[in-house]
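FYI, side chains are in, hydrogens and waters are out, and symmetry mates aren't considered; it's all heavy atoms of this structure. Nothing here was measured: the structure is a model prediction, and the numbers come from that model.
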Amino acid sequence: MNVQNPTPFPGPSSPPEQVAFDRSELGLILAVYGRMVAAGEWRDYGMSFLREVAVFAIFRRTAEHPLYRIEKRPRLRNKQGMYAVIGMDGQILKRGHDLKSVLRVLERKLIRAVD
């Protein structure tokens with residue numbers, strides 16, 4: 001009979017293999033996304049979950065570069081904030097600790113004057 005030692009669970013010191021948005025974060029992002037799709041501004045999205053960053057990319061059309069990227073970088077949690085909205089040209093439009101306040105920069109695009 002072979003005796004095998006049990007495989008230990010990874011401890012809290014081991015970093016996660018990838019960063020991801022949790023359910024509440026995705027709910028906030030998809031609420032803004034849904035309003036912008038209904039307004040005809042956006043048409044597609046893509047998500048990437050990497051070792052140091054999770055990205056929600058927003059497209060006007062499928063074959064284009066993303067209009068906006070919503071990024072989550074947990075390593076910046078104690079500095080300028082782990083959430084950021086980045087424009088098409090790579091400019092950081094808003095960064096902060098609270099995802100809801102960071103996403104407000106996108107909602108301003110929805111508010112426009114009616115002729």
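- For E71, the salt bridge (Lys or Arg N to Asp or Glu O under 4.0 Å) partners two or more places apart in sequence, or in a different chain, are R69, R73.
- Residues L99 and V53 do not share a hydrophobic cluster, defined by chaining ILVMFWY side chains whose heavy atoms lie under 4.5 Å apart.
- A continuous path of ILVMFWY side-chain contacts below 4.5 Å connects L28 to Y68, so both sit in one hydrophobic cluster.
- When the side chain to side chain contact (heavy atoms under 4.5 Å, CB included) test is applied to L67, the partners found at least two apart in sequence or on another chain are W42, R60, M88.
- Every residue meeting the side chain to side chain contact (heavy atoms under 4.5 Å, CB included) condition with V102, not counting sequence neighbours, appears here in chain and number order: Y83, V85, K94.
- Note that the CZ atom of R35 and the CG atom of L106 stand 10.0 Å from one another [nearest 0.5 Å].
- By the 6.0 Å contact criterion, CG on N78 is open, its count of non-hydrogen atoms from other residues, nucleotides or ligands being 12 or less.
- Considering CD of Q80 and NE2 of H97, their distance stands at 8.0 Å, rounded to 0.5 Å.
- Scored by the side chain to side chain contact (heavy atoms under 4.5 Å, CB included) test, R77 finds P74, M82 as partners (sequence neighbours excluded).
- A search for ring pair (Phe, Tyr, Trp, His ring centres under 6.0 Å) contacts involving F21 returns nothing, not counting sequence neighbours.
- Put simply, OH on Y33 and CZ on R43 are 9.5 Å apart, with the number rounded to the nearest 0.5 Å.
- For M47, the side chain to side chain contact (heavy atoms under 4.5 Å, CB included) test picks out L26, Y45, F49, F56, with sequence neighbours left out.
- Rounding to the nearest 0.5 Å gives a distance of 11.5 Å between CG of L93 and CG of L103.
- I86 forms part of a hydrophobic cluster together with I92, judged by ILVMFWY side-chain heavy-atom separations under 4.5 Å.
- D89 is linked by a side chain to side chain donor-acceptor pair (under 3.5 Å) to nothing, counting only residues two or more places apart in sequence or in another chain.
- Residues V19 and V55 do not share a hydrophobic cluster, defined by chaining ILVMFWY side chains whose heavy atoms lie under 4.5 Å apart.
- Residue S24 comes nearest to D22 through the heavy atom pair OG-OD1, 2.9 Å, listed as atom of the first residue, atom of the second, then distance.
- Every residue two or more places apart in sequence or in another chain was checked for a salt bridge (Lys or Arg N to Asp or Glu O under 4.0 Å) with R95, and none qualifies.
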